[in-house]
Amino acid sequence: MTSVGTPVTRVDGPAKVTGAALYSAEITPPGTVHLAIVGSTVAAGRVTAIDAAAARAAEGVLAVLTHDDVPAVASPPHLLPSLLGAAAPGESFFPMQDTVVHYAGQPVVLVVAHTYEQAHHAASLVRVDYEAAPAITTIDQGRERAYDAERLFAGLMPGREERGDVEAGLARADLRVDMSYRMAANHHNALEAPSTVAVWNGGELTLYESTMGVRATQQTVAQLLGLPVSHVRVITHFVGGGFGSKAMVWPHTTLTAMAARIVGRPVKLMLTRPQMFTSTGHREEQEQSIALGATRDGRLTAIRHDKLSITSLFDDWAEPATGVSSQLYACDAYLGVHRLIKGNTMTPTFTRGPGETLGMFTLETAMDELARRVDLDPLELRLRNVATTDPRGNPWSSGGLEECLRLGAERFGWSGRNPAPRAQPDGDWLIGTGMAVAAYPMAFFMPPQRARARIFADGSATVATSTQEFGTGVLTMATQVGADALGVALSDIEFQAGDTDLPNSTAAVGSAGAGMVASAVHEAGTALRRQLVDLAIGDPGSPLHGVDPASVTVTAGRLTSSDRAGATDTYGELLGRNHLSDAEATGTWRPPPLDTPHGLLTFGAQFAEVAVDPQLGLVRVRRLGGAFAPGRVLNPLLARSQLMGGMLWGMSQALLEGNHTDPRTGRWAETNLAEYLVPVNADAPEVTVDFVEVHDDVVGPLGAKGVGEIGQVGVAAAIANAIFHATGRRVRSLPITPETVMEPTPAAAPT
Amino acid sequence: MSTTESRQDIRGPHCVPVTVEINGRGRVVDVEPRVSLLDALREHLGLTGTKKGCDQGTCGACTVWVDGRRVLACLTLAAAAAGHEVTTIEGLADGDELHPMQRAFLENDAFQCGYCTPGQIMSAVKLIEEGNATTDEDISEFMSGNICRCAAYPNIRAAVRQVRDAAGGAA
Ligand code: FES
Ligand code: FES
């Protein structure tokens, strides 16, 4: 009986529903004191004076630290995505090294006090004077300074993708669709604020950190503090959501460690909700435009996709928007260009479905428009253009797009849809339906992943790797994979994670987390099983002595051979007879090479039904349906939840989430959950999730492609297309807010 | 930088002992009057099951019961809870036996990261008692004070329905 593929409830579920699960700020070593950070109120300029007298005199204050007190970092941070497995600072800048201010909220003073209240009260007493300089924080302010980005993601990806002759392709086209959008910045707003507890023991540092990558945190902090990596240990029991905000290592973590060293006590930091808007990056404000050229029968002849966005002064960061638009459809001529403006913001960062969710919004709303212009059903237009290989001519590692489109359409009841806009009134509401393709690239930048499997003479087992649980269900899935690989019952095996003392695994980003951990755990479990099978075969005392190893199966810790009916041994007895208290093995999974001759996309299809009140500008999503082909589904219960969560994030991206800076101050306008809207229960419709089975033996031994982002991709486009279908109008900005949907006079309805 | 513990010119209020009954047990906690019930639970009483999501009354992660009514612990001063009965997520299960709502959350996979979960469960139990769980619309409306950023909402509704129906439809 195998556990993988069954809907096992979360192994960490009981701890989470009883409140026993510990998140980082809930660790309080004896003597712990509290840190509050004072952030800059100006977005550019310099600190001219700091008056900390009142703060220092406040009750319970242990230290007020300025740039004069904070030590110089040992080596400057260099942005590198944490998936690479090396040090991964979120930006190539470390604050409090001098008086210069690059962005609002940049840490300028640290206050340490005995209690949380004392620290925050004292922080409010610190007076900082600035010489403010003009700041650029919006695209409009910096438009003339835009430049072509050579490389993105710290050099990892080209800023420009080109094949064929786009101008010729557009000229040759029978018709051309042009779309352009303004997209507001997004903030992750995980429910748990980023938290750090720093504990020094001599020259060794232990951090309890809310991170999506314990290993990345360990290496980054070690590099910044000039410590051997072996002297930094990072422990993460549970993380209250990440969505990309905890994928990179941000300055507050190292500042907490510095403060702890200075005061000689364990120091705890939990950022405040407003500070979460200025401490862990964001999805950058951007503009995207696309030009599609097509023949009269809807075949694409050219795609030109442009993105303009704002980055920090120190890094060329842009969410890559063209990774899918460059390869999803068969089209000989493609040009994708990222342009950047340097401004006074933090370096933007991964935000769920980085880049491609908005890139696909642009592509898939343009495809909807094209369908209308060539008078084809939007679904049919997609089917007509689907690429059967990647642009290099390589086969997909696994496909499934066509099946997702057909299954999703069937489950949603798409066929027979009247394509005419405004054709379905329902009282004050106009009803519309829309669809879009979902596709997301797989990234294999990570180094080899390791895990350890161990079994004890009493039959109990563990598998371990340093990954962390932030809601993906990795603890559960890795337990299932470990149980199957080793051949023990789920109840007999425990998965250990969240500690850099465990074997290496990389930060869980880009949907890769569960897949890579599962692969490493599979290798470790399989290696240990082989070792024990060999032990049994070589053991004259074993009923399986001398059988062919290929004939042996292990279930629930019991070894049997198809060559010798009735003969059984157990792991426990085997170990006992051989005077072994335990046995262990390490397994390593090597990701496929970057130049693997395969196209690497995960596919799906999204369908949405909306109701729009054109007088009030209200949009209600009545239902969402998605069909996905994520390869092997390790646990359908958890995969469904993850995909559903992603789809609701897509809804939120379409209708709710956006932040702007005030151009006068350069500060974010919305810095709490009352103003920055995220969905609440009443916003969330029922969601249907279906799976299309595809087999993939390129992406790892289990064939799991990941479900973290694919659920979100395409949803915003499907909703925008449904709004068009309902109203006959295309809104050119995200989020689609009531004032952009509202029609000036109800009678002036276009036909 | 200076150490100021011994200074006379202190600013900030003194600690006061606050007596609260928490999960059926009388507890005395020495806190400044400005300490919230949430921080008293998490930082002073070792009851970290109640979560801090915003500290501003916007997310519901800190939902506890005071005298049987759901309240936001981040907007309640610990001192104001003196003499009242506080119930937290740690007080919900009967020993190892999960409360039906806890079981329903587990079975319906009504959470991912789990950070909103204690607050959701404390709200959900009361929702049914209040008679606000009769329809799906009611459930979504009356659970909308509890944000789940992982967006487990449809599964949260399923969990509430399951407990409501097992209880014979409280309304
Ligand atoms: S922490 Fe109390 S409502 Fe968010
Ligand atoms: S489970 Fe993560 S916030 Fe609800």
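The sequence lines fix the lettering, A, B, ..., with proteins before strands; numbering per chain opens at 1.
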Between B/Asp109 and A/Arg10 (salt bridge meaning N to carboxylate O under 4.0 Å), is one present in this structure? yes
Between A/Glu26 and B/Lys51, does any side-chain N to carboxylate O distance fall below 4.0 Å?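 Yes, charged N to carboxylate O under 4.0 Å.
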Is there a side-chain contact (heavy atoms from CB on, under 4.5 Å) between B/Cys59 and A/Leu191 once you walk through the steps? CA-CA 8 Å; B/Cys59 76; A/Leu191 202 57; 4.0 Å; yes
Over all heavy atoms of both residues, which pair between [X] and [Y] is shortest? Give the atoms and the distance, please.
| X | Y | answer |
| --- | --- | --- |
| B/Ser144 | A/Asn681 | OG-N, 3.6 Å |
| A/Glu686 | B/Pro154 | OE1-CB, 4.1 Å |
| B/Leu106 | A/Gly13 | CD1-CA, 3.4 Å |
| A/Gly241 | B/Cys113 | N-CB, 3.3 Å |
| B/Tyr153 | A/Pro679 | OH-O, 2.6 Å |

Can you tell me how far apart CD (A/Glu117) and CD (B/Glu32) are? Round to the nearest 0.5 Å. 6.0 Å
Value rounded to 0.5 Å, distance of CG in A/Asn672 from OG1 in B/Thr58: 6.5 Å
Candidate pair A/Met270 and B/Arg42, rule side-chain contact (heavy atoms from CB on, under 4.5 Å), full reasoning: CA-CA 13 Å; A/Met270 187 182 215; B/Arg42 287 171 60 85; 4.1 Å; yes
Side chain / backbone / both / neither for B/Glu107 at chain A, heavy atoms under 4.5 Å: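 Backbone only.
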Which atoms of B/Leu98 approach chain A - backbone, side chain, both or neither, heavy atom under 4.5 Å: side chain
Between [options], who has the most heavy-atom pairs with chain B when the cutoff is under 4.5 Å?
| options | value |
| --- | --- |
| A/Glu469, A/His188, A/Arg640, A/Met276 | A/His188 |
| A/Thr66, A/Val112, A/Leu638 | A/Leu638 |
| A/Gly19, A/Gly240, A/Ala682 | A/Ala682 |

Using non-hydrogen atoms and a 4.5 Å limit, figure out which bit of A/Ser652 sits close to chain B: side chain, backbone, both or neither.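 For A/Ser652, the contact with chain B is made by the side chain alone.
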Side chain / backbone / both / neither for A/Pro685 at chain B, heavy atoms under 4.5 Å: backbone
Quick one: do the B/Asn155 and A/Ser641 side chains pair a donor with an acceptor below 3.5 Å? yes
Regarding B/Arg149 and A/Asn189, do their side chains bring together a donor and an acceptor under 3.5 Å, going by distance alone? no
Looking at B/Gln162, I want to see if its CD is surrounded by more than 12 non-hydrogen atoms of other residues, nucleotides or ligands under 6.0 Å. yes
Does CG belonging to A/Asp68 count more than 12 external heavy atoms closer than 6.0 Å?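 Buried by this count: over 12 neighbours within 6.0 Å.
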Top contributor to chain A contacts, counting heavy-atom pairs under 4.5 Å, from [options]:
| options | value |
| --- | --- |
| B/Arg157, B/Glu43, B/His44 | B/Arg157 |
| B/Met143, B/Gln102, B/Gln120, B/Glu90 | B/Gln102 |
| B/Asp136, B/Val35, B/Thr88, B/Leu92 | B/Val35 |

Go through it in stages, so that I can follow the logic: the residues are B/Lys52 and A/Tyr116, the test is side-chain contact (heavy atoms from CB on, under 4.5 Å), and I'd like the CA-CA distance, side-chain angles, deciding distance and then a yes or no. CA-CA 13 Å; B/Lys52 182 188 281 190; A/Tyr116 174 83; 3.4 Å; yes
Sorted by first residue and then second, give each ring-ring contact (aromatic ring centres under 6.0 Å, His included) pair with at least one member in residues 99-132 of chain B; sequence neighbours left out. A/Tyr23-B/Tyr115
Got a donor-acceptor contact below 3.5 angstrom from the A/Lys16 side chain to the B/Gln112 backbone? yes
Given side-chain contact (heavy atoms from CB on, under 4.5 Å), test B/Asp55 with A/Thr272 step by step and report yes or no. CA-CA 8 Å; B/Asp55 218 12; A/Thr272 64; over 6 Å; no
